[in-house]
Amino acid sequence: MDVDRKLNKALEAANDAMQHLSVSPDFSNLDYAHIDRLLARVVDLPTEANQRNTRRNLLVVRQWMVQKGAAVILLEVLGQLFWRLGELNGRQFERFKAALENQSSYLSLVQDQRAVAIVVQRIRHIQKSKSDACQDFLIELSDGRSPTPMRHMSSPGKAAICMTSPEPEPAAFGTGLIKFLPSSSSTLWKNDMEHLLIEFYINGICPGRTPTKTSNAYITLLRTADTCPSTRFALLSLSASYIEDYVHAEKERYHQAHLFYMTEALQSLARQITAGDSFDACLATSMLLLHHDAVNNVEESNMCWSVHASIFDTIPPNQISPLCDAASFIRYQLILARTSKTGAQLRNTKLHSLETAEWYDLIPQNETQCINGVLGLSPQLLFLISSITALSADNSSSIMAHRHSYAQMQDSQLQNLRQWTTEVSGAALEIVLTTAETYRLATQIYLRCRLYGYTRFHPAVTELSDALISLILSIPVTGPLYTAIYPIWPLFIACLTCNAETRDRLYQRVVPIREGDKSTLPAVLRRISGLRSWLARQSPEIHRHEGWWDEMLEPESSAHVIHTDRLLCLG
């Protein structure tokens, strides 16, 4: 009886998928992001022993495609057949296919050359990263014949145009960092929590991280999440923490999912570290956990988001890549956060190995000025920010004697720095370059204030501040080109070095961000607001005052209570 129930469930799912396809015969309703994700797994089957069940289920789908045609993948995607087919034995699977053979809609689908063309084109789309595996599979689909003729297959119409842009239409959720939200009426929304959270992560969160398409660290984490439980749980928790803000009727359900997956992620991470297993995956998990805490822990009584950087003090340095996406992201957050600490606080801080390692020297010379798509600035500029902070905190006699000379060298490097990228073009390129330039100008201001002692009234600071503010005001705060690379640290620097009227203008500009999706901006604005009275008391007649930056950062200078053991997230 249970066998028949499983078979009937699989048939029901397939019929639901065919009905969904019949609503839009031109296939314009397809979710290419999910098709690509499943095809990538079907093409490149997992080899790890702990994924034997997953491999078997994928093989079932793969053999079905080879036997009946590439188009059957559309039924799997839309009907969520993956696990249902995996529960069927060989005889039951044959009964499943025989039942479908009696349905005209199924026969029409597998014979529809437009559907076949869509799947083949999606395979070619992911072929960039899986070229050898894809080529072998295309040959297998062609019964051993060369797949070359498929390359010249005629365009399948409207669906083929959509394939150049697999992201969903942004609709009402395309103006903020979250670019897509599934319909609350979908069965997926109600019945498959993990599936929904992963889809939301892919279509809603990832596109809002960066305007670049080929170096989105959040997308590359998906491969890690396939094989690493802690990364998968961290991803699910992050996704649930975002989505609960939009589903008021189901808020508690997603809040509980958020907490459950967070607990699972932390427990799995602890087991991995103890076992000395998959250290790179541990970093990926820590990156997601850090992101989660930075945008969710509004209560200052909670543990600081930076606690997740302690992963570097647990893992042997020679077991991880200091230049991997996760390490770069966490280092970036720490370097920016240190700029909001006094020299005394920095001298009493035990830096993580990630911050003290010689990471910059490992970067090829021709890539040091290339803009990181997720961070919004180049490695050289990030290194200079870190160097300025370190120089300001070092009060040893040898450094003090030459501090001004070192500062001039850094200043010269900043003036000659030319950041670049080849990943985007058009309006997106302008945004990326403008964002990187705001970081460069902000760093010049930071150097002059912290190392030269120039106050915000010094002509060299006001000139740079005016240029910085002009650029910040030109960067979109809503719409498809607004992403998480929005320059919050440069905004922080600008607000500390401009007059009250301009500061209010900047505050007004970022209202859509402050009132929109989760971000680190609200905490940054509270920090700046707490300094308004202190800033207003500074005399415009004084253009140079050594140590004023540290005085500003002292807890007593702010009307907002500052816990010295917490870091302000400025990324």
Side-chain angles (χ1 to χ4, degrees), residues 177 208-218 287 290-291 294 322-340 354-355 359-390 410-424 428-448 450 464-465 467-472 474-476 481-495 519-521 524 568-571:
L177 291 180
R209 295 295 99 194
T210 172
T212 65
K213 304 298 182 185
T214 57
S215 65
N216 189 337
Y218 284 81
M287 170 184 164
L290 185 150
H291 174 163
L323 300 182
C324 69
D325 289 336
S328 298
F329 178 84
I330 298 174
R331 182 188 298 111
Y332 157 83
Q333 298 293 355
L334 290 172
I335 287 173
L336 296 187
R338 302 296 185 199
T339 65
S340 67
L354 172 76
E355 302 172 86
W359 61 274
Y360 182 68
D361 293 336
L362 301 176
I363 302 172
Q365 186 61 35
N366 63 338
E367 296 179 13
T368 57
Q369 298 184 9
C370 178
I371 300 167
N372 182 296
V374 170
L375 309 185
L377 76 169
S378 66
Q380 183 176 351
L381 184 51
L382 186 63
F383 177 73
L384 285 170
I385 296 172
S386 177
S387 299
I388 293 167
T389 303
Q410 293 171 339
D411 203 353
S412 176
Q413 291 181 59
L414 282 170
Q415 292 183 44
N416 296 323
L417 182 62
R418 297 293 180 270
Q419 301 178 95
W420 58 273
T421 182
T422 58
E423 291 193 57
V424 285
L429 175 61
E430 289 300 313
I431 296 302
V432 173
L433 292 177
T434 300
T435 299
E437 180 64 5
T438 65
Y439 275 96
R440 191 185 72 85
L441 293 175
T443 306
Q444 285 188 287
I445 295 172
Y446 178 57
L447 182 148
R448 283 162 168 71
R450 190 141 205 187
L464 286 169
S465 184
L468 172 60
I469 289 164
S470 177
L471 288 182
I472 290 176
S474 73
I475 297 175
L481 291 177
Y482 163 59
T483 65
I485 69 166
Y486 185 86
I488 291 179
W489 183 73
L491 177 73
F492 175 72
I493 298 295
C495 286
S519 78
T520 59
L521 182 62
V524 174
L568 181 65
C569 189
L570 290 161

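All of these numbers come straight from a predicted model, not from anything done at the bench.
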Worksheet item: Counting N and O atoms only, with roles assigned by atom type, does the side chain of E423 sit under 3.5 Å from a partner on the main chain of S215, one being a donor and the other an acceptor?
Response: yes
Worksheet item: Backbone N or O of S378 within a donor-acceptor pair of the Q419 side chain at under 3.5 Å?
Response: yes
Worksheet, complete the sentence: CG of L381 to CG of L414, rounded to nearest 0.5 Å, is 6.5 Å
Discussion item. Test of understanding: with salt bridge (Lys or Arg N to Asp or Glu O under 4.0 Å), list the residues that count as partners of R440, not counting sequence neighbours.
Written reply: E437
Fill in: Main-chain N/O of I431 paired to T434 side chain as donor or acceptor, under 3.5 Å
no
Worksheet item: Just how far is it from atom CG of L464 to atom OG1 of T443, taken to the nearest 0.5 Å?
Response: 10.5 Å
Discussion item. As a quick check of understanding, evaluate side chain to side chain contact (heavy atoms under 4.5 Å, CB included) for V432 and T210, giving each step before the final call.
Written reply: CA-CA 9 Å; V432 173; T210 172; 5.8 Å; no
Worksheet item: Below 4.5 Å, heavy atoms only, C-beta onward: do Y332 and N372 meet side chain to side chain?
Response: no
Item to complete: Considering non-hydrogen atoms only, spot the tightest contact between A337 and L570 and give its length.
Response: CA-CD1, 4.3 Å
Worksheet entry | Reported CG-to-OH distance for the pair D325 and Y218, which is rounded to 0.5 angstrom | 10.5 Å
Response to the item:
Residues at least two apart in sequence or cross-chain that pass side-chain hydrogen bond (donor to acceptor under 3.5 Å, both in side chains) with T435, listed by chain then number, are none
Practice prompt. Write down the atom of L177, the atom of A484, and the distance for their closest heavy-atom approach.
Written response: CD2-N, 3.4 Å
Worksheet entry | Under the side-chain contact (heavy atoms from CB on, under 4.5 Å) test, residues paired with S470 that sit two or more places apart | none
Item to complete: Determine the minimum heavy-atom distance between I371 and A436, stating which atoms define it.
Response: CD1-CB, 3.5 Å
Practice prompt. Work out which heavy atom in G571 is nearest to a heavy atom in T520; give both atom names and the distance.
Written response: O-OG1, 2.8 Å
Practice prompt. With rounding to the nearest 0.5 Å, note down the distance linking CG in L521 to CD1 in I488.
Written response: 5.0 Å
Worksheet item: Any sub-3.5 Å donor-acceptor pair from Q380's side-chain atoms to Q369's backbone N or O?
Response: no
Practice prompt. Locate the shortest heavy-atom distance separating C569 from Q333; write the atom from each residue and the value.
Written response: SG-OE1, 3.3 Å
Discussion item. For L468 and I445: C-alpha separation, side-chain torsions, deciding distance, then whether side chain to side chain contact (heavy atoms under 4.5 Å, CB included) applies.
Written reply: CA-CA 9 Å; L468 172 60; I445 295 172; 3.8 Å; yes
Worksheet item: Taking only residues at least two apart or on different chains, which pairs with a member in residues 482-491 satisfy side chain to side chain donor-acceptor pair (under 3.5 Å)?
Response: T339-W489
Practice prompt. Give the intermediate values and the outcome of side chain to side chain contact (heavy atoms under 4.5 Å, CB included) for residues L568 and L336.
Written response: CA-CA 9 Å; L568 181 65; L336 296 187; over 6 Å; no
Item to complete: Measure the shortest side-chain to side-chain distance between L491 and V524 over non-hydrogen atoms and say whether it is less than 4.5 angstrom.
Response: no
Worksheet item: Hey, does S328 have a side-chain heavy atom less than 4.5 Å from the side chain of W359?
Response: no
Fill in: Atom pair OG1/CG of T422 and L429 - distance to nearest 0.5 Å
9.5 Å
Item to complete: Taking all heavy atoms of G373 and all of T212, pick out the closest pair and write down the distance.
Response: CA-OG1, 3.7 Å
Worksheet item: Quick one: side-chain contact (heavy atoms from CB on, under 4.5 Å) partners of Q415, sequence neighbours excluded?
Response: D411, Q444, R448
Going by atom type alone, with no hydrogens or angles, which donor-acceptor pairs under 3.5 Å involve a side-chain atom of residues 382-389 and a protein atom two or more places apart or on another chain?
unit_1	atom_1	unit_2	atom_2	d
S387	OG	F383	O	2.9
T389	OG1	I385	O	3.2
T389	OG1	Y446	OH	2.7

Worksheet item: Can you tell me how far CD1 of I475 sits from CD1 of I485, rounded to the nearest 0.5 angstrom?
Response: 8.0 Å
